[in-house]
Protein chains: 2
Amino acid sequence: MLLSKSCVYGIRAVLYLSVNDEREYVPIKEISDKMGISFHFLTKILQVLTNAGMIKSMKGAKGGVGLNQKASSISLYDVIRELDGETLFEECVLGLPGCADDNPCSMHKIWRVTKAELKKELEEENFGSLAKQITEDEIRLYDI
Amino acid sequence: MLLSKSCVYGIRAVLYLSVNDEREYVPIKEISDKMGISFHFLTKILQVLTNAGMIKSMKGAKGGVGLNQKASSISLYDVIRELDGETLFEECVLGLPGCADDNPCSMHKIWRVTKAELKKELEEENFGSLAKQITEDEIRLYDI
DNA sequence: ATGATAAAAGACTCTTATGTCTTAATATAA
DNA sequence: TTATATTAAGACATAAGAGTCTTTTATCAT
């Protein structure tokens, strides 16, 4: 599994907020209902993103969560880094400490290039662009 | 995490057997000792590869496990497929059912290319070649 | 035959990820 | 100021992955 469930849910929630960019706050309940995700679980995931300053939150009636930055300034990599950390892109696939170009493990050569490309693409893909594609029905956000 | 621990241990054990290709059977205890892996855990992992016909095993004194095919005919992908399955290469990263080129999710475009490249490299890299590189000290097998 | 060696099988434990539930805190609206 | 809506916080539950231990089975050497 490339990404944890928390991370996948986080990405999909930020996508939802990006598509609903004009609303300052969206209740988490609305997101969890629409996406079929556990409300309390999603709440905890979004708290991480709130603490990271990526989204903002407001308690009480008319409260909810909303983007704290422009959607176009948040990359897929930003969300992945907050929720899954950077081990996928930093650590040796075979778990050997000190794995490096001058001291490679058996999978080093293969994964070194692939992970660099993947990281670059994830850094370049932003939620503004993704939201636009969702709105224009080119890609989908739900399980439909 | 790209690969499970079971899978990583399995890859490293098959590497060990590939380097020790001239020995028909190597005791699992020897492998687990050298690699610092739990003996019983490794035993269970290697049973999977034995049942898959990738390695062979023999009980009793002089017994152990050994390659059941030429090292050069076993790919990294073969071992990964047996131990982690193909979900990494088949399923949608965002867990949306029915994700396909004509019905893509938000990460589809990025991961589609990357995973195809990764799969190709893993299929092309065989244990004969890796064992040769280990023997020639170009890559390492241990945590040293 | 008997004892030693080593894999096979399965029960069991520990840890982490995932998911649920309850209570507290805070903001809005009447 | 009271009721309602909503996030925050944390306890609790469940499931899966990781790891340990014991018993059984098979092979070899004496």
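Reminder, nothing fancy here: chain letters follow the sequence lines and each chain counts from 1.
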Remaining members of hydrophobic cluster (4.5 Å side-chain criterion), A:Met58: A:Tyr25
Cut-off 3.5 Å, no hydrogens considered: what does the side-chain donor-acceptor table look like for residues 13-20 of chain B, sequence neighbours left out?
unit_1	atom_1	unit_2	atom_2	d
B:Tyr16	OH	B:Glu30	OE2	2.5
B:Tyr16	OH	B:Lys34	NZ	3.2
B:Ser18	OG	B:Val14	O	2.7
B:Asn20	ND2	B:Tyr16	O	2.8

What side-chain donor-acceptor pairs closer than 3.5 Å can you find for residues 82-93 of chain A, not counting sequence neighbours?
unit_1	atom_1	unit_2	atom_2	d
A:Asp84	OD1	A:Ser4	OG	2.6
A:Asp84	OD2	A:Ser4	N	3.0
A:Glu86	OE2	A:Tyr77	OH	2.6

Where protein sits on nucleotides 8-19 of chain C, one letter per nucleotide: B base, S sugar-phosphate only, - none, heavy atoms under 4.0 Å: BS-B------SB
B:Lys62 NZ to C:dA7 P, straight-line distance once rounded to whole Å: 14 Å
Whole angstrom value for the distance that separates C1' of C:dA27 from CD of A:Glu24: 13 Å
With sequence neighbours excluded, residues passing side-chain contact (heavy atoms from CB on, under 4.5 Å) with [X]:
X        : value
B:Glu125 : A:Ile110, B:Leu76, B:Ser129, B:Leu130, B:Gln133
A:Ser72  : A:Lys70, A:Asn126
B:Asp137 : none

Contact residues, residues 82-90 of chain A to DNA chain D [heavy atom, < 4.0 Å]: none
B:Arg112 atom CZ: more than 12 heavy-atom contacts under 6.0 Å: no
Qualifying side chain to side chain donor-acceptor pair (under 3.5 Å) pairs, either residue in residues 44-58 of chain A, two or more places apart: A:Glu24-A:Lys56
Sugar-phosphate only, base, or nothing, as touched by A:Phe39 at under 4.0 Å among non-hydrogen atoms: base
Start and end of the DNA chain D segment that chain B contacts, any atom under 4.0 Å from a heavy atom: D:dA18 to D:dA29
By salt bridge (charged side-chain N to carboxylate O under 4.0 Å, His left out) - contacts of A:Asp21 (at least two apart): none
Residues that B:Glu124 engages under side chain to side chain donor-acceptor pair (under 3.5 Å), provided they are two or more places apart: B:Lys120
